[in-house]
Amino acid sequence: MKIIDGKKVSIEVLDEIKSSVENRAKNSLKIPHLAAILVGDDGPSQTYVNSKIKACDRVGFKSSLFKYNDSISEQDLISEIQKVNNNDDIDGFIVQLPLPKKINQEKILSQVDPHKDVDGFHPINYGKMALGLDTFLPATPAGIIELIKRSKIQTEGKKCLVIGRSQIVGRPISILLSQSKVFGNSTVTVAHSKTINLKELCIDSDLIISAIGSPEFIKGNMIKKGSTIIDVGITRVDDSSSNKGYRIVGDVDLNSVSDSVGYITPVPGGVGPMTIAMLLQNTLKACSLSD
Ligand code: NAP
């Protein structure tokens, strides 16, 4: 079993971004500025936003956090988004998901200026991604592709199973891996909760991307020897032996697959850090495009 060290690769990407920022400063170009909109006080969402802001500091970006009480109305949130759209100093921003249930997520995401949509969730950018055009790729799938690329894992002609069909992970990574690109050209199957023969599909796959959020769901008897697994799942499970009272677990039972898997991303320290690095890369791109 070889571990794909997402933390290490993300540091490489962040260092590259940092040196681009230093070059921009030397050439009197604008310093990239990422903003985050956070609604409510969901614990994991606050943790994710804090990590994004910390990463901005690390690479020399400016960052802003706009926090709203979960009582904010949909219309008021749209007005706040318009303010960020019109703020020339902000190059890119994200609306941290999930939003409170009473707010229509799709309506909100479609209000983000596509030029500042560094999460790549606006229908225009999502459509460009599906067409294989240059755009802001959603950060998690972009991070997976970057990990695969830098770990020199071959995808061409391989049987790839994507488990999960969400708009933010499963659907876009299934599109990217099937495109006619260097790190695409896979034969992709998409599985979801209504799939009936998941174990057979897993055993038949060279590459599994698991994005279901079901702790340690994938076991050793479900995979092909030497296959690669990208574990996107992040679930907090109770753990009284930890100071926090919980630990973070992926979709894959690492101990169970260790004898048969070829390459695997750990959780934590796999896809998670790459997601943040790619968000910053998109922000650098947004800033450069407006030079
Ligand atoms: P989601 O919107 O809840 O989607 C989960 C998907 O998994 C759905 O398509 C669902 O099928 C499918 N699914 C659930 N149980 C299944 C099962 N037993 N067999 C087959 N398919 C099953 O979740 P998401 O937003 O994509 O996130 C997935 C996981 O990735 C979560 O743990 C999340 O925390 C994590 N995540 C990590 C990162 C990162 O940076 N590492 C980023 C985003 C998300 P249906 O469509 O039929 O319901």
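Owing to the predicted nature of the structure, the values given are computational and were not obtained by experimental measurement.
Applying the salt bridge (Lys or Arg N to Asp or Glu O under 4.0 Å) test to residues at least two apart or on different chains, the pairs with a partner in residues 201-226 are Lys159-Asp204, Asp206-Lys224, Lys219-Asp253.
Between Lys52 and Thr283, every side-chain heavy-atom pair lies at or beyond the 4.5 Å cut-off. Within the 4.5 Å cutoff, side-chain heavy atoms of Arg236 are placed close to those of Pro44. A 4.5 Å side-chain heavy-atom check between Thr189 and Thr195 finds every atom pair outside the cut-off. Side-chain contact between Lys62 and Asp89 is present, with heavy atoms from C-beta onward closer than 4.5 Å.
Side chain of Ser186 to backbone of Thr155: a donor-acceptor contact under 3.5 angstrom is found. Side-chain atoms of Thr265 come within 3.5 Å of backbone atoms of Asp231 as a donor-acceptor pair (strictly under, hydrogens ignored).
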Only pairs under 3.5 Å count here: list side-chain donor-acceptor contacts from residues 99-107, not counting sequence neighbours, and write none if there are none.
from   : atom 1 : to     : atom 2 : distance (Å)
Lys102 : NZ     : Asp70  : O      : 3.3
Lys102 : NZ     : Ser71  : O      : 3.1
Lys102 : NZ     : Ile72  : O      : 3.0
Asn104 : OD1    : Glu106 : N      : 3.1
Asn104 : OD1    : Lys107 : N      : 3.1
Lys107 : NZ     : Glu74  : OE2    : 2.9

Would you list the atom pairs, donor with acceptor, under 3.5 Å between side chains in residues 165-172 and any protein atom, with sequence neighbours excluded?
from   : atom 1 : to     : atom 2 : distance (Å)
Ser166 : OG     : Val169 : N      : 3.1
Gln167 : OE1    : Tyr126 : OH     : 3.4

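Between the side chains of Glu80 and Tyr68, at least one donor N or O lies within less than 3.5 Å of an accepting N or O. Between the side chains of Ser45 and Asp42, a donor-acceptor pair is found at a separation under 3.5 Å.
Among the candidates Asp88, Asp291, Asp91, the single residue satisfying the side-chain hydrogen bond (donor to acceptor under 3.5 Å, both in side chains) test with Lys30 is Asp91.
Listed here is the closest heavy atom pair of Pro215 and Val249: CB-CG1, 3.9 Å.
Between the CD1 atom in Ile17 and the SG atom in Cys56 there is a gap of 9.5 Å [rounded to 0.5 Å].
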